[in-house]
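As the structure is a prediction and not an experimental result, all values here were calculated from the model.
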Amino acid sequence: MCRSVDVKQAVLAKNDDLAAALRADLAGRGVAVVNLLSSPGSGKTELLGRVLAHAVATGVPVAALTADLATENDARRLARSGAPVRQVLTDGLCHLEARQVRGHLEDWLPADTEVLFVENVGNLVCPASYDLGETLRIVLMAVTEGEDKPLKYPTAFGSAHLVVLTKTDLAAPAGFDEDAFTANVRRVNPGVEIVRSCARTGDGAAAVLDRALAARDGAPQHHPPLAPRPHSHDLDGAHGDAPGHTHNHPHPASVPAS
């Protein structure tokens, strides 16, 4: 068990180093990276398509990577926006890693890009632990998923700079209690902004793009309790600062008792 933990920590530490280098490289080119996390079926792809189309219509240079285990269906859908889009096939891997993002950007990302959206694999567990070099991490959840989802996946919601509630047009039919949802989000990530969205109408797309552009411009951001932070793991699993080394994956949150 100890060996297994050590190997996982080494993998995460290597990813963090690659992510930090990627973030610095893209920031130097004036590019903000937005990492989109959600469960499958949250409406993430449809909303992203709306965001990309809004960006194209308003003259904002954007691009997108979209990840799936198989098929290029989402890339074809997103390309209808008119923005540059590239599919990342993970071949069974349940999350993206910084090395995959860097590899797919080489000789592809347009030079004038200001915001790169990265649609992660539909999963709220593994992707939450992997820094992709993002400037902004957005976690999305549909009203059909239940008000207590933030409590079930505190690492994902607790590391978000922004939370987006999707499919709000279905809130009433689904019996969704938005006040309870908001309270649950605040328990794991106090003070985080929640944006309401509906991909069918386009509501929320402009707000998501605005937050991405603010991140590009260096505007002050929300500091989530599980934001990636510089630290290291000793071989015995203890945490400690490590000069010259960063290990930035978030750690599971402890959800306060009611």
Side-chain angles (χ1 to χ4, degrees), residues 32-52 54-55 115 117-120 122-125 127-129 131-132 134-228 250 252-258:
V33 180
V34 180
N35 185 4
L36 301 169
L37 283 71
S38 80
S39 298
S42 69
K44 177 168 79 272
T45 304
E46 190 65 26
L47 179 61
L48 177 55
R50 289 279 192 169
V51 173
L52 295 176
H54 178 64
V115 180
F117 290 92
V118 180
E119 182 184 18
N120 218 313
N123 182 350
L124 282 177
V125 183
S129 294
D131 184 355
L132 301 183
E134 65 257 29
T135 316
L136 183 70
R137 177 176 289 200
I138 300 178
V139 174
L140 303 90
M141 192 200 94
V143 298
T144 52
E145 297 180 65
E147 301 87 352
D148 61 346
K149 194 143 198 176
L151 303 182
K152 294 178 178 179
Y153 298 90
T155 303
F157 283 90
S159 64
H161 297 103
L162 177 71
V163 172
V164 175
L165 182 64
T166 65
K167 302 186 182 182
T168 53
D169 55 322
L170 299 178
F176 183 72
D177 185 339
E178 191 165 342
D179 289 341
F181 165 75
T182 300
N184 290 335
V185 170
R186 302 282 188 242
R187 283 178 62 186
V188 298
N189 195 341
V192 69
E193 181 185 7
I194 301 172
V195 170
R196 303 176 82 256
S197 72
C198 173
R200 181 177 296 175
T201 64
D203 290 350
V208 170
L209 181 60
D210 285 347
R211 304 310 183 272
L213 292 175
R216 175 207 62 186
D217 294 338
Q221 287 187 5
H222 169 69
H223 295 288
L226 292 183
S254 176
V255 180
S258 300

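- Leu52 CG to Thr45 OG1: the interatomic distance, rounded to the nearest 0.5 Å, is 10.5 Å.
- Between the CG atom of Asn189 and the CD1 atom of Ile194 there is a distance of 9.0 Å, given to the nearest 0.5 Å.
- Atom CG in Leu151 sits 5.0 Å away from atom CZ in Arg187 (nearest 0.5 Å).
- Between His222 and Gly191, the shortest heavy-atom distance links the atoms CE1-C, 3.6 Å.
- Scanning both residues, Arg211 and Glu193, for their nearest heavy atoms gives NH2-OE2, 2.6 Å.
- For the atom pair CG of Leu47 and CD of Glu119, the computed distance is 10.0 Å after rounding to the nearest 0.5 Å.
- The nearest pair of heavy atoms linking Ala142 to Thr166 is CA-OG1, 3.1 Å.
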| query | What do the steps show when you test His54 against Val208 for side-chain contact (heavy atoms from CB on, under 4.5 Å), and what is the final call? | reply | CA-CA 10 Å; His54 178 64; Val208 170; over 6 Å; no

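- Using a 30° and 60° split on the angle between ring planes, Phe181 and Phe157 fall in the perpendicular class, above 60°.
- Using modelled atom types, one finds no donor on one side chain facing an acceptor on the other under 3.5 Å when comparing Ser42 with Glu145.
- Counting only distance, with no hydrogens or angles, the side chain of Arg137 and the backbone of Ala128 share a donor-acceptor pair below 3.5 Å.
- Evaluated for a side chain to side chain contact (heavy atoms under 4.5 Å, CB included) with Val195, the options Leu165, Leu162, Leu140 yield exactly one hit, Leu162.
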message: Applying side-chain contact (heavy atoms from CB on, under 4.5 Å) to Val139 and His161, what does each step give before you reach the verdict?
response: CA-CA 8 Å; Val139 174; His161 297 103; over 6 Å; no

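- Of all heavy-atom pairs spanning Leu124 and Lys149, the tightest one is CD1-CE, 3.9 Å.
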Exercise for the section: Report the C-alpha distance between Val115 and Val34 in whole Å, list the side-chain angles of each, state the deciding distance to 0.1 Å, and finish with yes or no for side-chain contact (heavy atoms from CB on, under 4.5 Å). Expected result: CA-CA 7 Å; Val115 180; Val34 180; 3.9 Å; yes

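- The side chain to side chain donor-acceptor pair (under 3.5 Å) test applied to Asn35 returns Asn120, Glu134, not counting sequence neighbours.
- A donor-acceptor pair under 3.5 Å links the side-chain atoms of Arg50 to the main chain of Arg200, judged by distance alone.
- Put simply, CG on Leu209 and CZ on Phe117 are 5.5 Å apart, with the number rounded to the nearest 0.5 Å.
- Rounding to the nearest 0.5 angstrom, the gap separating the NZ atom in Lys44 from the CD atom in Glu46 is 12.5 Å.
- The two atoms that bring Thr155 and Leu226 nearest to each other are CA-CD1, 3.7 Å, heavy atoms only.
- With contacts defined as side-chain heavy-atom distances shorter than 4.5 Å, the pair Thr168/Ser197 does not qualify.
- Listed by chain and residue number, nothing satisfies the ring pair (Phe, Tyr, Trp, His ring centres under 6.0 Å) test with Tyr153 (two or more places apart in sequence, or in another chain).
- When all heavy atoms of Met141 and Gly146 are compared, the pair lying nearest together is CE-O, 3.3 Å.
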Would Asn184 and Val188 satisfy side-chain contact (heavy atoms from CB on, under 4.5 Å), going step by step from the backbone distance to the final call?
CA-CA 7 Å; Asn184 290 335; Val188 298; over 6 Å; no

